[in-house]
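These numbers come from a predicted model, not from an experiment.
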Amino acid sequence: MFFCDQCGECCRNLDKSQIYQLLHNGDGICRYLKGNLCTIYENRPLLCRVEESYFAFFKNQMTLEEYYEKNYEACKKLKELKNKEMKKTKELED
């Protein structure tokens, strides 16, 4: 099972991948995100469901463990990007 800490960063960076273009209004932020939570969680698209996406699209390319690892790596990179942006903003304010 994929463990999500509900930081919302994946939902704030949808513009980083073409496959999510219908879920945001050009700003990269999912139109269904409120705070860090999905307002349509129970009915969210297949692309937003980690386990189900694996079985629908990736099971022939990699193991489930590899897929989880790739998702965790992407999550870590998005958090690092946010931290860099926050640090840069703070430096500009000082």
Report summary line: CG of N13 to NZ of K82, rounded to nearest 0.5 Å, is 10.0 Å

Query raised in the report: Does a side-chain heavy-atom distance below 4.5 Å link M1 with F3?
Result: yes

Report summary line: side chain to side chain donor-acceptor pair (under 3.5 Å) pairs touching residues 69-81, sequence neighbours excluded, are D5-K79

Under 3.5 Å, which donor-acceptor pairs link side chains of residues 25-43 to any protein atom two or more places apart or in another chain?
from, atom 1, to, atom 2, distance (Å)
N25, OD1, R31, NH1, 3.4
N25, OD1, R31, NH2, 3.3
D27, OD1, I29, N, 3.0
R31, NE, L23, O, 3.4
R31, NH2, L22, O, 2.9
R31, NH2, H24, O, 3.1
N36, OD1, R12, NH1, 3.2
N36, OD1, R12, NH2, 2.5
N36, ND2, Q6, O, 3.4
N36, ND2, C7, O, 3.4
T39, OG1, Y32, O, 2.9

Query raised in the report: Taking side chain as C-beta onward, heavy atoms only, is K16 less than 4.5 Å from L81?
Result: yes

Query raised in the report: Is there a path from L78 to Y20 through hydrophobic residues (I, L, V, M, F, W, Y) whose side chains come within less than 4.5 Å of each other?
Result: no

Which atom pairs, donor and acceptor, lie under 3.5 Å between side-chain atoms of residues 51-60 and protein residues at least two apart or in another chain?
from, atom 1, to, atom 2, distance (Å)
E51, OE2, F2, N, 2.6
E51, OE2, Y68, OH, 3.1
E52, OE2, R49, NH1, 3.4
S53, OG, L46, O, 2.6
S53, OG, R49, O, 3.0
Y54, OH, M62, O, 2.7
Y54, OH, L64, N, 3.1

**Report entry** Spacing of E9 atom CD and C4 atom SG [to the nearest 0.5 Å]
**Finding:** 11.0 Å

